[in-house]
Amino acid sequence: MGSAVAQWLTASGAAVVLVDRFARGHTRGGSHGDSRIFRLAYPEHEYAQLAVKSLPMWRDLEEKCGRGLLVRTGGVDHGPGVVRTIGGALARLGVPFEAIHPHAAMERWPGMRFVDEVVFQPDAGRLDADGAVNAFQSLAELSGATPRFGCRAGISEVTDRRVIVATESGEIEARVVIVCAGPWSPLLAPSDLELPPLRVTHEQPAYFPVRRPGDNWPVFVHYDASGGHTFAGYGLEVPGRGVKVGLHASGAVIDPDQVQRPMSREVAAELARYVASWLPGLEPSPTETVSCIYDSTPHGDFVIDRRGRVVVACGFSGHGFKFAPAIGQLVAKLALGEVRAPIRFRFR
Ligand SMILES: Cc1cc2nc3c(=O)[nH]c(=O)nc-3n(C[C@H](O)[C@H](O)[C@H](O)COP(=O)(O)OP(=O)(O)OC[C@H]3O[C@@H](n4cnc5c(N)ncnc54)[C@H](O)[C@@H]3O)c2cc1C
């Protein structure tokens, strides 16, 4: 998110210093790796709208950086009531989708099992996560941003006139500071902002080999009976690596500075059970595991807001990546004083 904001701010002519405590391309937070799901299919209007806004922005970013970042695969969402909830939200935005009977869906995608109705949305796809982060950073630097990687920062002073950010390579005086520190955000943001406590979990999806190379694999999200944007399983095919499958927010609660441990037997067994039960097109044993961190708010919504000279954007949990271009623009405009934060994302 910080890199997306820097790209938008420098494109608007602002002078930007982009500070990150770890090295460029690090794997300690939530944004690294070869893939993320892009989808328009959300039950909530605001999220569906933000995804619709992000799609052309991803294409614009591809043009600017001269490489593909989003591969269109189509996406299926399945679970109780998805045609009413997700279909309803898509219809409201005029976004095309198909409502498919589970039996017909199993013929179309034989690698998956369905018991409930299915929503197919053709614009969904696979984002190149590392490629996107790199594109945001390179474009920001091309437009004048000063990168400081491997440089831990802290806010040492906030007055009506300025902010002082103390870093390992000296102080930075600025008009506005933007905190996009993911799970570390509550440690950096001034305490009077009363950020919601972030639940930080160590998430470990894994890659499973496909049984039949010819099977068609759209990206997928499987909603359990609880509905809303808590989903059970998700996944996408990554050419050459198999299908990456994860159980949403199933990881252990950790301190973000804690060493990330190998996958526990319990989590591995739960994931293998899920694959054996819902993804017959995959071999039941994974070939490799991914390690990554979620930061989730108690109310489940993102936090994007400004108070005085401090802007904060965090709590993107396991589904923020797809919105990065639109959130980058929103946060940049907040920092430039051009907009107010959407109500749903305000400090509360
Ligand atoms: C396993 C997994 C699967 C996911 N799948 C999807 C998906 O399919 N689709 C989707 O849309 N989203 C997905 N997401 C969510 C998405 O990847 C995240 O919401 C997003 O990447 C969060 O970005 P961020 O910039 O907020 O956080 P981070 O990437 O964690 O960035 C925070 C940065 O702050 C820096 N920092 C912290 N403290 C300091 C300090 N004191 N000084 C300087 N820098 C500091 C850190 O070094 C870090 O680089 C997934 C996430 C995970 C973990």
Side-chain angles (χ1 to χ4, degrees), residues 1-6 17-40 42 47 50-51 54 58 70 75 124-130 132-133 136-137 147-156 165-169 172 177-189 198 200-206 219-221 229 231 233-236 238 244-251 254 256-257 260 263 271 289-297 302-304 312-328 331:
M1 295 300 173
S3 303
V5 177
V17 181
L18 178 60
V19 187
D20 198 287
R21 60 179 286 186
F22 298 120
R24 192 191 290 270
H26 73 85
T27 60
R28 294 292 304 274
S31 301
H32 59 276
D34 60 9
S35 58
R36 295 287 189 279
I37 292 173
F38 176 85
R39 59 189 163 100
L40 305 178
Y42 269 83
Y47 287 99
L50 202 57
S54 300
W58 280 114
L70 173 57
R126 182 182 69 246
L127 279 163
D128 173 351
D130 288 335
V133 173
F136 286 131
Q137 290 171 357
R148 291 200 189 170
F149 287 99
C151 178
R152 195 178 199 149
I155 301 173
S156 55
V165 174
T167 81
E168 285 167 335
S169 58
I172 303 167
V177 61
I178 301 154
V179 177
C180 296
W184 293 273
S185 300
L187 302 174
L188 270 108
L198 295 178
V200 179
T201 52
H202 182 204
E203 300 296 326
Q204 298 171 293
V219 301
F220 59 91
V221 172
H229 62 232
F231 40 91
Y234 65 88
L236 70 170
V238 180
K244 180 168 101 172
V245 184
L247 300 176
H248 180 57
S250 60
I254 59 164
D257 286 322
Q260 296 170 12
M263 187 185 264
L271 189 53
T289 304
V290 180
S291 182
C292 186
I293 302 183
Y294 279 16
D295 54 313
S296 311
T297 59
F302 303 155
V303 174
I304 304 174
V312 179
C314 65
F316 298 108
S317 188
H319 68 115
F321 204 104
K322 64 182 71 63
F323 308 110
I327 290 175
V331 175

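Model, not experiment: these values are computed from the prediction. Just so it is clear, the values below take in all heavy atoms, side chains as well, and ignore hydrogens, waters and symmetry mates. Remember, it's 1-based here, ligands and their atoms both numbered in the order they're listed.
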Which residue holds the protein heavy atom closest to [atom], what is that atom called, and what is the gap in Å?
| atom | answer |
| --- | --- |
| atom 25 (O) of ligand 1 | M1 N, 2.9 Å |
| atom 8 (O) of ligand 1 | I37 N, 2.7 Å |
| atom 22 (C) of ligand 1 | S31 OG, 3.8 Å |
| atom 52 (C) of ligand 1 | C292 SG, 3.2 Å |
| atom 44 (N) of ligand 1 | R21 N, 3.0 Å |
| atom 34 (O) of ligand 1 | A181 CA, 3.3 Å |
| atom 27 (O) of ligand 1 | G182 CA, 3.8 Å |

Between [X] (side chain only) and [Y] (backbone N and O only), is there a donor and an acceptor less than 3.5 Å apart?
| X | Y | answer |
| --- | --- | --- |
| E168 | R152 | yes |
| W58 | A324 | no |
| H26 | H32 | no |

Please state which part of [X] comes within less than 4.0 Å of ligand 1, counting heavy atoms only: side chain, backbone, both or neither.
| X | value |
| --- | --- |
| Y234 | side chain |
| P183 | side chain |
| A313 | neither |
| Q204 | neither |
| F316 | both |
| L127 | neither |
| K322 | both |

Among the heavy atoms of R28, does any lie under 4.0 Å from an atom of ligand 1?
no
Tell me whether G246 reaches ligand 1 (any heavy atom closer than 4.0 angstrom to a ligand atom).
no
Is [X] in polar range of ligand 1, meaning some N or O pair under 3.5 Å apart?
| X | result |
| --- | --- |
| L188 | no |
| R36 | yes |
| G30 | yes |
| G29 | no |
| E203 | no |
| Y294 | no |
| H26 | yes |

Out of curiosity, L188 CG to R21 CZ, how far, rounded to the nearest 0.5 Å?
9.0 Å
So between [options], whose heavy atom ends up nearest [atom]?
| atom | options | value |
| --- | --- | --- |
| atom 47 (O) of ligand 1 | D20, T27, L18 | D20 |
| atom 16 (C) of ligand 1 | F22, F323, F321 | F321 |
| atom 40 (C) of ligand 1 | A23, S291, A153 | A153 |
| atom 18 (C) of ligand 1 | S317, S35, G318 | S317 |

Enumerated ligand 1 atoms positioned under 4.0 Å from heavy atoms of C180
32 (C), 33 (C), 34 (O)
Can you list the atoms of ligand 1 that are under 4.0 Å from a heavy atom of P205?
1 (C)
Partner residues of A6 under the side chain to side chain contact (heavy atoms under 4.5 Å, CB included) criterion, sequence neighbours left out
V16, L18, A140
Run the ring-ring contact (aromatic ring centres under 6.0 Å, His included) test against F302 and tell me which residues pass, sequence neighbours left out.
Y47, F316, H319, F323, F345
Residues W184, L198; criterion side-chain contact (heavy atoms from CB on, under 4.5 Å); working and verdict
CA-CA 9 Å; W184 293 273; L198 295 178; over 6 Å; no
Residues H248, Y294; criterion ring pair (Phe, Tyr, Trp, His ring centres under 6.0 Å); working and verdict
CA-CA 10 Å; H248 180 57; Y294 279 16; 5.3 Å; yes
